[in-house]
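For the numbers below, each heavy atom of this structure counts, side chains included, while hydrogens, waters and symmetry mates do not.
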Amino acid sequence: MTARSLLAHVAWCAVVGAACHRAPKTHPEPAAADTTNIPLDVTNHNWLDVTIYVIRDDEPVRLGVASAASEASFILPARLIGQGHEIRLLGHPIGGAGGTITETVTVQPGQWIEWTLESDLSRSAIGVY
């Protein structure tokens, strides 16, 4: 094979390879705001264990249990925060009736939530810091 035919063969392979090549799909990198998990600290003054849920888009997702008369820490995954950064929390006492639900709160990256559950759950308070 001569140098000229070798060069022609390499050029032909490059053209055919480029024509058949499909660029991989690219997804934009998520913004830092969409990838940040949010800490949630729950202080339970209630005498019952309380199951904690986060509500986003009217769907409750169980986070865990805050034991009676104690503190619990949870991490809200970024996927539960959503693009609007608005959530509500729901507390349901295990073995009890009723429960409590917070107002809608907006949480930004770098913030954390403190939720105090009182013995009368309707008097519970939430803070975003």
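Closest approach of Pro77 and Asn37 over heavy atoms only: CA-OD1, 3.4 Å. In plain terms, the two heavy atoms of Ala97 and Pro93 that are nearest each other are O-CG, 3.7 Å.
The shortest side-chain heavy-atom distance between Val107 and Ile113 falls under the 4.5 Å cut-off. Contact of the Asn46 side chain with the Leu121 side chain is registered, since non-hydrogen atoms from C-beta on lie closer than 4.5 Å. Considering only heavy atoms from C-beta on, Ile75 stays 4.5 Å or farther from Leu40 through its side chain. Two residues are said to be in side-chain contact when any heavy atoms from C-beta on lie closer than 4.5 Å; Val105 and Leu89 fail this criterion. Contact check for Gln108 versus Thr106: side-chain heavy atoms found under the 4.5 Å cut-off.
Remark: the backbone N or O of Glu71 is not paired with any side-chain donor or acceptor of Asn44 at under 3.5 angstrom.
Atom-to-atom distance recorded for Ile38:CD1 and His85:NE2 is 8.5 Å, nearest 0.5 angstrom.
Between the side chains of Ser73 and Asp41, a donor-acceptor pair is found at a separation under 3.5 Å.
Within the structure, every pair that satisfies the side chain to side chain donor-acceptor pair (under 3.5 Å) test and touches residues 113-129, not counting sequence neighbours, is listed here: His45-Glu118, Trp112-Glu114, Asp120-Ser122. Sequence neighbours left out, not one pair with a member in residues 89-105 passes side chain to side chain donor-acceptor pair (under 3.5 Å).
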Just distance, no hydrogens or angles: give the donor-acceptor pairs under 3.5 Å from side chains in residues 49-68, sequence neighbours left out.
| from | atom 1 | to | atom 2 | distance (Å) |
| --- | --- | --- | --- | --- |
| Asp49 | OD1 | Ala68 | N | 2.7 |
| Arg56 | NH1 | Arg79 | O | 2.4 |

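Under the 4.5 Å side-chain heavy-atom criterion for ILVMFWY residues, no single connected hydrophobic cluster contains both Leu90 and Ile126.
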